[in-house]
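Taking it in order: structure first as structure tokens, then the write-up.
Atom set for the values below is all heavy atoms of this structure, side chains included, hydrogens, waters and symmetry mates excluded. In listed order, ligands and their atoms are each counted from 1.
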Amino acid sequence: MHIFSTATELRRYLNTVRRAGRPVHFVPTMGALHEGHLSLIEAARTDLWHLGGDFGQEPALTVCSIFVNPTQFNNPDDLARYPRTLEADLALLEAAGCDAVFAPSVAEMYPVPAVLKIHFGDLETVMEGAFRPGHFNGVGIVVAKLFHLVQPDRAYFGQKDLQQVAVVKRLVRDLSFPVEIVRCPTLREADGLAMSSRNRLLSPDERRQATELYRVLTRAQSLLTDETPMDATRAAVAQHFADLPQFRLEYFEIANADTLQPVGDLQAPGTTALLIAAQLGKVRLIDNLVF
Ligand code: PAF
């Protein structure tokens, strides 16, 4: 596995790969890798290009980036606490069959502070956009920089950050990046908790309680499937968390899974998303279900 910390080295290497005609698949991460990330690497590694004519298949080169991007943290404590486990991450990536890793410093990614601002329209006014002002600007800036450096043919993002997937798709559409965005399923622990780098910041007690988010999402899904009105479903979720003072519910939304805008009625199968965010102690947790 090749490991690069500068854009120049990475570009030089990827130029030779591209000259040999190999497609590039990219998994951007902030490190502190878990099985969810490894499932993205697996998706990238095994996603073949079906070439025309003789129907040959070409394996792509899998590139992963590890960079805790300061511009997407609207809370300095959250940035300081974010887990950094580079050595362990590299070992996991090597074992997972990743071909190349880009792990730059902040100075390498931001030799001068980025002044450009990206506004994602109505995605800024709901959920993560509303609760984390400036977050998607930071995501947009760093993903655009990484796409320019890596020039991937496909990039893989987890459904756990469903609104981020919509933001990245909008970035790609509006700025004409020639990259296909692939959304991969959320991986869960045995008790349903969505895998997240932040889970390792939970105390043992909090870890036990954290499964409430998934429990509430599945309960809300069955209420809606049983034709409980949306307002009553929202009220049931709010009441559930009102009885759990260790949580501070930020939002529970019923939205279109692609546009992330709130919906008034259940839509075609696979297009309605239930999304939740709550603070548990010092850790902010998010989760969603698409049904
Ligand atoms: O999802 C993440 O880990 C980050 O938001 C990303 C896409 C790597 C950008 O920093």
(request) Can you sort out the partners of Arg12 under side-chain contact (heavy atoms from CB on, under 4.5 Å), two or more places apart, ordered by chain and number? (result) Thr8
(request) Write down, by chain and number, every protein residue that brings a non-hydrogen atom to less than 4.0 Å from an atom of ligand 1. (result)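 Answer by chain and number: Pro28, Thr29, Met30, Asn69, Gln72, Val142, Phe157, Gln164.
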(request) Kindly determine whether His2 and Glu9 satisfy side-chain hydrogen bond (donor to acceptor under 3.5 Å, both in side chains), including the steps that lead there. (result) CA-CA 10 Å; His2 301 267; Glu9 294 166 325; over 6 Å; no
(request) Using only heavy-atom distances, determine whether the side chains of His240 and Glu212 contain a donor-acceptor pair under 3.5 Å. (result)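 Side chains of His240 and Glu212: pair found under 3.5 Å.
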(message) Filter on side chain to side chain donor-acceptor pair (under 3.5 Å), then keep only pairs touching residues 221-239, sequence neighbours left out; what's left?
(response)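 For residues 221-239: Asp231-Arg234, Gln239-Asp243.
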Which side-chain N or O atoms in residues 26-35 pair as donor and acceptor under 3.5 Å with protein atoms at least two apart or in another chain?
{"residue": "Thr29", "atom": "OG1", "partner": "Gly31", "partner atom": "N", "Å": "3.0"}
{"residue": "Thr29", "atom": "OG1", "partner": "Ser65", "partner atom": "O", "Å": "2.8"}
{"residue": "His34", "atom": "ND1", "partner": "Gly36", "partner atom": "N", "Å": "2.9"}

(message) Can you confirm whether more than 12 heavy atoms, excluding those of Arg219, are under 6.0 Å from its CZ atom?
(response) no
